[in-house]
Amino acid sequence: MKACVLPAPAPVESRPLRMEDLPEPQPGPGQVLIRVRACGVCRTDLHVVEGELETRKSPVIPGHQVVGVVERCGPGATRFASGARVGVPWLHQTCGVCQYCRSARENLCERAVFTGWMVDGGYAEFVVAPQDFVYALPEGFGDLHVAPLLCAGIIGFRTLRLSGVRPGGTLAMYGFGAAAHVAIQVARHWGISVYAMSRDPRHQDLARDLGAVWAGGANDEPAEKLDAAVIFAPAGELVIAALRTLKRGGTVALGGIHMSPIPELDYNLLYHERIVRSVANNTRRDGEDFLKIAAEIPIRTEVREFALEEANEALNALKNDAIRGAAVLRIG
Ligand SMILES: [Zn+2]
Ligand SMILES: [Zn+2]
């Protein structure tokens, strides 16, 4: 199969991903072999490729927003028929027995395995995944347009939930890339007024197009204090900016897996029971709930298509904030 492989982490400008011909992977017990049609490009891929996340498999095929069809099932895998359209997310597998897995917090499993980092992902013509961690995908979405829902969408949804914002409330959204452009549609569906903060004028335009009541720079403050904030950009100083916009008792939820250091902050910014919390991965329940609501709304994703051979270019564009919406590799 054709695959886009990372031999060793390096800055994307040096084009670290290389096309290779590899043997097709074989589905083990409980696994499915999936013929990939599209794979979304996530900022976490950039962190894997550039080495902000430590190397866990080398070489590795990145990609964890994989859309494809089941080609073949391994021993004992009967959940999906051949030809079923499925999605493979970041959460590849959990242990199922630890305290987190047994208390509906499998996103925190200490033995969790992640797609496109610890095992090969979807920047390739085929991928294998455990059937229990694969999603059946709602109809009504094209392959390219459903791909960004699998991480940007699901993580954005969990971030919204953990921000504690209530229907009818007000929300600050920092960083207006793939996750935010989906999360704003869920927030508006819940009757939430969204204030978008981005350094990039093109992202501010997209936010207004998607119904933000206000769009401004990352350090601009809306006239009124807001109920909650979510941060999708990997810049620690945004935590300070977000705390400044918050009402008493409000939460700032951080949606990224990697962030630059958070600067020292004045305790007054945190006082009055404001909360800063991270979001780590997602449970399968988050994914199922989100895909259901995504189909109901229905969510429309804006995507920029790249060929598999252009994965370096796609990541470079993402790094430079040059993607409106989400980047997706067309593979099948
Ligand atoms: Zn576990
Ligand atoms: Zn991701």
Side-chain angles (χ1 to χ4, degrees), residues 2-20 36-67 90 114-117 120-125 127 143-145 147-153 155-156 174-182 198-207 218 231-236 238 255-260 301-332:
K2 274 199 303 181
C4 190
V5 178
L6 179 72
V12 283
E13 294 79 7
S14 67
R15 308 180 54 80
L17 292 166
R18 288 209 305 252
M19 292 301 298
E20 287 186 14
V36 181
R37 288 176 169 174
C39 187
V41 177
C42 176
R43 186 167 288 276
T44 300
D45 301 342
L46 190 57
H47 298 320
V48 170
V49 166
E50 297 204 311
E52 280 110 356
L53 295 186
E54 61 173 312
T55 300
R56 299 296 296 271
K57 175 181 185 296
S58 185
V60 68
I61 301 171
H64 58 268
Q65 304 186 91
V66 193
V67 177
W90 172 243
F114 298 104
T115 312
W117 181 35
D120 287 334
Y123 287 16
E125 290 179 313
V127 68
D143 296 328
L144 292 179
H145 287 88
L149 300 185
L150 289 166
C151 180
I155 297 291
Y174 289 84
F176 212 84
H181 103 289
V182 175
S198 169
R199 63 184 177 191
D200 192 307
R202 292 166 297 183
H203 290 185
Q204 293 174 13
D205 287 343
L206 177 59
I231 299 182
F232 296 118
L238 293 178
I257 191 169
H258 169 81
M259 188 176 243
S260 60
T301 53
E302 191 150 333
V303 304
R304 180 158 149 207
E305 180 181 336
F306 292 85
L308 178 59
E309 292 78 5
E310 298 172 316
N312 286 305
E313 284 80 0
L315 286 166
N316 206 12
L318 181 65
K319 186 175 180 178
N320 290 296
D321 290 335
I323 304 285
R324 184 181 152 103
V328 179
L329 307 178
R330 179 189 287 280
I331 295 168

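Being a predicted model, the structure only gives us computed values, none of them experimental. In what follows, residues are counted from 1 in the order of the sequence shown.
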Original post:
For His203, what residues pass the side chain to side chain donor-acceptor pair (under 3.5 Å) criterion, not counting sequence neighbours?
Top reply: none

Original post:
CH2/Trp90 to CD1/Ile155 distance, rounded to the nearest 0.5 angstrom?
Top reply: 9.0 Å

**OP:** Could you give me the CA-CA distance, side-chain angles and deciding distance for Asp321 and Arg199, then say whether salt bridge (charged side-chain N to carboxylate O under 4.0 Å, His left out) is met?
**Re:** CA-CA 10 Å; Asp321 290 335; Arg199 63 184 177 191; 2.7 Å; yes

**OP:** Could you check if a side-chain atom of Pro62 sits within less than 4.5 angstrom of a side-chain atom of Leu17, using non-hydrogen atoms only?
**Re:** yes

Subject >> Which atom of Ala38 lies closest to which atom of Leu144, heavy atoms considered >> reply: CB-CD2, 3.8 Å

**OP:** Show the numbers, then the answer: is there a salt bridge (charged side-chain N to carboxylate O under 4.0 Å, His left out) between Arg15 and Glu313?
**Re:** CA-CA 8 Å; Arg15 308 180 54 80; Glu313 284 80 0; 2.7 Å; yes

Original post:
Is the backbone of Ala322 close enough, under 3.5 Å, to the side chain of Asn320 for a donor and an acceptor to pair up by distance?
Top reply: no

Original post:
Within the distance-only criterion (no hydrogens, no angle test), does the side chain of Gln204 pair as donor or acceptor with the backbone N or O of Ser198 below 3.5 angstrom?
Top reply: yes

Original post:
How close do Leu6 and Pro16 get, heavy atom to heavy atom, and via which atoms?
Top reply: CD1-CB, 3.8 Å

Subject >> Heavy-atom pair of closest approach, residues Phe232 and Gly255 >> reply: CD2-CA, 4.4 Å

Original post:
Looking only at heavy atoms, which two atoms of Gly63 and Thr115 are closest? And how far apart?
Top reply: O-CG2, 3.6 Å

Subject >> Student check: side-chain heavy atoms of Leu149 and Val182 closer than 4.5 Å >> reply: yes

Original post:
If we only count heavy atoms from C-beta on, is the Val5 to Val60 side-chain gap below 4.5 Å?
Top reply: no

**OP:** Compare all side-chain heavy atoms of Lys2 with those of Met19 and state whether any distance is below 4.5 angstrom.
**Re:** yes

Original post:
Is there side-chain contact between Ile331 and Tyr123, with heavy atoms separated by less than 4.5 Å?
Top reply: no

Original post:
Which distance, rounded to the nearest 0.5 Å, do you find between the CG of Asn312 and the CZ of Arg18?
Top reply: 10.5 Å

**OP:** Quick one: closest heavy-atom pair of Ala235 and Ser260, and the distance?
**Re:** CA-OG, 3.5 Å

**OP:** Measure the NZ-NE2 distance between Lys319 and His47 for me, rounded to the nearest 0.5 Å.
**Re:** 11.0 Å

**OP:** Evaluate the criterion side chain to side chain contact (heavy atoms under 4.5 Å, CB included) for residue pair Val67 and Val36; output intermediate values, then yes/no.
**Re:** CA-CA 6 Å; Val67 177; Val36 181; over 6 Å; no

**OP:** Evaluate side chain to side chain contact (heavy atoms under 4.5 Å, CB included) for Phe176 paired with Asp205, printing each intermediate quantity in order.
**Re:** CA-CA 10 Å; Phe176 212 84; Asp205 287 343; over 6 Å; no

Original post:
Side chains of Arg324 and Arg304: does their closest heavy-atom pair fall under 4.5 Å?
Top reply: no

**OP:** For Asn316 and Glu13, indicate whether the former's side chain and the latter's backbone hold a donor-acceptor pair under 3.5 Å.
**Re:** no

**OP:** I would like to know whether Arg43 and Ile257 meet side chain to side chain contact (heavy atoms under 4.5 Å, CB included); could you show each step before the answer?
**Re:** CA-CA 9 Å; Arg43 186 167 288 276; Ile257 191 169; over 6 Å; no

Original post:
Could you give the distance from OH (Tyr174) to CG (Leu238), rounded to the nearest 0.5 Å?
Top reply: 7.5 Å

Original post:
At what distance, to the nearest 0.5 angstrom, does NE2 of His145 lie from CD of Glu305?
Top reply: 9.0 Å

Subject >> Non-hydrogen atoms of Val328 and Pro148 that approach each other most closely >> reply: CG2-CG, 3.9 Å

**OP:** Quick one: pull up CZ in Arg330 and SG in Cys39 and give me the separation to the nearest 0.5 Å.
**Re:** 13.5 Å

Subject >> Under the side chain to side chain donor-acceptor pair (under 3.5 Å) test, residues paired with Trp117 that sit two or more places apart >> reply: none

Original post:
Taking it one step at a time, do His64 and Cys42 satisfy side chain to side chain contact (heavy atoms under 4.5 Å, CB included)?
Top reply: CA-CA 8 Å; His64 58 268; Cys42 176; 3.5 Å; yes

Original post:
Side chains of Leu206 and His181: does their closest heavy-atom pair fall under 4.5 Å?
Top reply: yes

**OP:** Check whether any side-chain heavy atom of Pro9 lies under 4.5 Å from a side-chain heavy atom of Glu50, and answer yes or no.
**Re:** no

